[in-house]
Each structure stands twice: as structure tokens, then as C-alpha cells.
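First the structure, in the form of C-alpha cells, and then the observations on it.
Order of the sequence lines fixes the chain letters, A, B, ..., with proteins taken first and strands second; residue numbering starts at 1 for each chain.
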There are 2 protein chains.
Amino acid sequence: MNIGDVAERSGVPAKTIRYYEDIGLVKPTRGRNGYREFEERELHRLAFIGRARSLGFTIEDCRDLLALYDDESRASAEVKRVAEQNLQEIDAKISGLKAMRDTLRYLVEQCSGDHRPDCPILKSLSNGPAHNL
Amino acid sequence: MNIGDVAERSGVPAKTIRYYEDIGLVKPTRGRNGYREFEERELHRLAFIGRARSLGFTIEDCRDLLALYDDESRASAEVKRVAEQNLQEIDAKISGLKAMRDTLRYLVEQCSGDHRPDCPILKSLSNGPAHNL
DNA sequence: CTTGACCTTCCAGTCACTGGAAGCTCCATT
DNA sequence: AATGGAGCTTCCAGTGACTGGAAGGTCAAG
């Protein structure tokens with residue numbers, strides 16, 4: 001399989017696959033023409049990485065997960081630990097974003113949004129921290 | 001005022017202030033010794049940028065907002081537009097993160113987390129897209 | 001034999017900083 | 001007056017995870 005096919009079937013862009021090879025996440029063989037050759041196993045790994053990334057795992061997490069995946073004798077506790085840590089980080093991000101959103105929404109609601117120059121959004125940014133609103 | 005004082009009073013690290021000067025967000029004057037000299041106005045702008053950044057505005061947003069801020073004849077509608085767009089982006093991010101979190105939480109709950117190699121998290125990453133769970 | 005799609009490498013850019021090295025300046029203490 | 005340390009300067013490089021583009025080799029169809 002060439003990189004284009006793998007890209008299409010795994011949903012990971014060709015450019016990104018080359019990058020993943022650079023950083024050692026996948027190791028396709030090479031044909032006589034210099035083209036990368038992918039087996040099912042590599043396709044599988046790429047799809048795995050794609051799904052893990054879409055769940056918010058970092059590249060390093062992926063590396064760990066793939067190593068665990070390759071390790072027949074791994075303990076599921078180890079995998080769970082990685083996932084749980086990720087879960088906490090996601091929760092923290094959501095909380096932060098929610099706080100931002102609430103502040104912004106309040107400001108947007110306050111703003112008349114017309115042709116007049118008077119704007120509570122700028123006023124707030126100018127006068128004090130968001131949490132004072 | 002030297003950069004250290006401004007950093008402390010604005011809450012923006014000195015390193016970051018230099019970066020902001022590089023990209024033209026602030027324009028401190030220079031003393032005979034080559035040190036940057038900050039007036040109240042610059043301090044004010046830096047605090048403004050810091051608050052806007054903490055609300056999730058990008059640097060380019062900040063540039064726009066500062067221009068609007070400087071423009072006595074701006075319409076608040078313009079400011080509101082920038083803020084509303086930001087609000088939508090934040091909402092989208094929150095939704096995405098929530099979906100990720102729900103999937104992950106389910107997986108973590110399913111995982112026994114013990115010494116056995118059988119792990120539903122890896123199984124799921126391996127077998128199909130997260131939204132199929 | 002040509003065209004065009006697909007592949008290769010390499011370099012640079014993204015975003016918003018952050019770290020570090022080398023060297024200058026200022027102020028207080030000895 | 002010398003010294004020491006904090007604070008300032010510039011410049012270079014790295015972060016994460018790609019992404020874009022140029023220059024050039026390869027392959028399959030017509």
C-alpha cells in the first residue's frame with residue numbers, strides 16, 4: 001500500500017503520516033522506487049493513533065499506548081492510568097473554557113452592538129480582570 | 001518604568017512583553033542605556049492584552065481590539081462581532097472536549113485497571129472510531 | 001511519448017511563547 | 001574604587017503537531 005491509500009483508509013493525511021515516521025511512530029518499509037510501503041499492521045497503527053489523537057491523547061501518550069498495545073504482558077492498570085490522567089486534563093480544559101465563555105457571554109449581552117462607540121467589552125478589558133465582572 | 005516593573009504590574013512576563021514588542025503590539029521607547037521605557041499607557045495596553053488573552057482572544061484578535069480601542073469613532077458592533085465569533089469558537093471547543101470526555105470516561109469505567117492484560121480502552125482504540133462506543 | 005497524478009526530500013512557517021547563552025548596566029555594599 | 005548580583009539587552013533555538021510549498025523522481029493511462 002502506498003501512502004495515499006493509507007492516508008485515505010486511516011483518515012490520517014499523508015503529510016502527517018510522514019511526520020509520524022519522522023518521529024518514529026510508524027516504520028513503513030521502502031520499495032525499490034523509494035516509496036513507502038505500508039502493511040495492514042501499519043495501517044492499523046495509524047488508525048489507532050488517529051483515534052487516540054481525536055480523543056485528546058498527545059503524541060507521547062500515543063507512543064506509550066502503542067508500546068502498551070504491543071506488550072502482550074501489559075497490565076490494563078497502566079493503560080487506565082494514562083487514560084485517567086487525560087480525562088482530568090480534559091475536565092480542567094472544559095472548566096477553563098466554561099469560565100471564559102460565561103464571562104464573554106455576559107460581555108456580549110451587555111454590548112449594544114450598534115454604531116455608537118460606547119462598548120462594555122472594551123471597557124471591561126480596559127478596567128479590570130475578567131473575574132471582577 | 002523598566003520591563004520588570006511592567007511585567008509585575010501587568011502580569012505579563014518580561015519575555016512575553018519583548019515578544020509583543022517584536023510583533024508590534026506595544027512600542028516602548030528606549031532610554032540612553034538601551035533599556036525599554038514603559039509609560040502608563042503601555043502598561044495599560046499590556047494589561048488589556050493579558051486579559052483579552054485570558055479570555056481566549058488570539059493575538060490577532062488583540063490587535064483588532066486594540067485598534068478598535070484606539071479608534072474613538074469605532075462602533076461597538078464591531079467589537080461585539082469579534083467577541084461573538086470568539087464565543088462561538090469557545091462553545092465549539094467545549095462541545096468537542098465534552099464528547100471526548102464522555103467517551104474516555106466510559107472507557108475508563110469499563111477498564112478493570114488491574115494486572116490483567118485485557119483492556120477495553122486499547123480494544124476500543126484498536127477496533128473502531130470513538131463515536132461508535 | 002506525453003501528461004498528470006502520485007511519490008520523494010527538504011526547508012520554512014504556524015501559534016504564542018519560553019529557555020538559555022553571552023554580554024552590558026545599575027545599584028548597593030565593602 | 002572595586003565587587004557582586006540583579007536586571008537588562010540581543011540572538012538563537014525549541015516547543016507541539018503539524019502544514020505548505022518547491023524541486024524533482026516515478027508510474028500508469030492514453
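- Residues meeting the salt bridge (Lys or Arg N to Asp or Glu O under 4.0 Å) test with B/Glu39, sequence neighbours left out: none.
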Throw together a table of side-chain donor-acceptor distances under 3.5 angstrom for residues 4-11 of chain B, partners on residues two or more places apart or in other chains.
from: B/Asp5; atom 1: OD2; to: B/Asn2; atom 2: N; distance (Å): 3.4
from: B/Ser10; atom 1: OG; to: B/Val6; atom 2: O; distance (Å): 2.7
from: B/Ser10; atom 1: OG; to: B/Val12; atom 2: N; distance (Å): 3.1

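- Look at B/Tyr20 and you won't find any side-chain N or O under 4.0 angstrom from OP1 or OP2 of C/dA16.
- Summarising the geometry, the separation between CD1 on A/Ile3 and P on C/dC6 is reported as 13 Å, rounded to the nearest angstrom.
- Position along DNA chain C of the nearest nucleotide to A/Glu37 versus B/Ile49 favours A/Glu37 as the more 5'-ward residue.
- Between the OH atom of A/Tyr19 and the C1' atom of C/dG13 there is a distance of 14 Å, given to the nearest Å.
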Tabulate protein N/O versus nucleotide N/O from nucleotides 21-29 of chain C, keeping only pairs under 3.5 Å, one per line.
from: C/dC26; atom 1: OP1; to: B/Asn33; atom 2: ND2; distance (Å): 2.9

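- Residue B/Thr16 places no side-chain N or O under 4.0 Å from the OP1 or OP2 atom of C/dA16.
- A/Asp61 is linked by a side chain to side chain donor-acceptor pair (under 3.5 Å) to A/Thr58, counting only residues two or more places apart in sequence or in another chain.
- In this structure, B/Arg53 reaches the C/dC17 phosphate: one of its side-chain N or O atoms is under 4.0 Å from OP1 or OP2.
- Partners of B/Asn86 by side chain to side chain donor-acceptor pair (under 3.5 Å), not counting sequence neighbours: none found.
- The hydrophobic cluster containing A/Val82 also contains A/Phe48, counting ILVMFWY residues as joined when their side-chain heavy atoms lie under 4.5 angstrom apart, directly or transitively.
- Within the 4.0 angstrom heavy-atom criterion, only backbone atoms of the sugar-phosphate kind lie near B/Arg36; the bases stay farther away.
- From the 5' end on, the contacts that DNA chain D makes with chain A at under 4.0 Å to a non-hydrogen atom open and close at D/dA17 to D/dC27.
- When the salt bridge (Lys or Arg N to Asp or Glu O under 4.0 Å) test is applied to A/Arg81, the partners found at least two apart in sequence or on another chain are A/Glu78.
- Listed by chain and number, the residues in a salt bridge (Lys or Arg N to Asp or Glu O under 4.0 Å) with A/Arg18 amount to none (sequence neighbours excluded).
- Summarising the geometry, the separation between CD1 on B/Ile23 and C1' on C/dC15 is reported as 10 Å, rounded to the nearest angstrom.
- Under the 4.5 Å side-chain heavy-atom criterion for Ile, Leu, Val, Met, Phe, Trp and Tyr, A/Met1 and A/Val26 are members of the same hydrophobic cluster.
- With sequence neighbours left out, the side chain to side chain donor-acceptor pair (under 3.5 Å) criterion links B/Glu109 to no other residue.
- In this structure, CG of B/Leu25 is placed 9 Å from P of C/dC17, rounded to the nearest angstrom.
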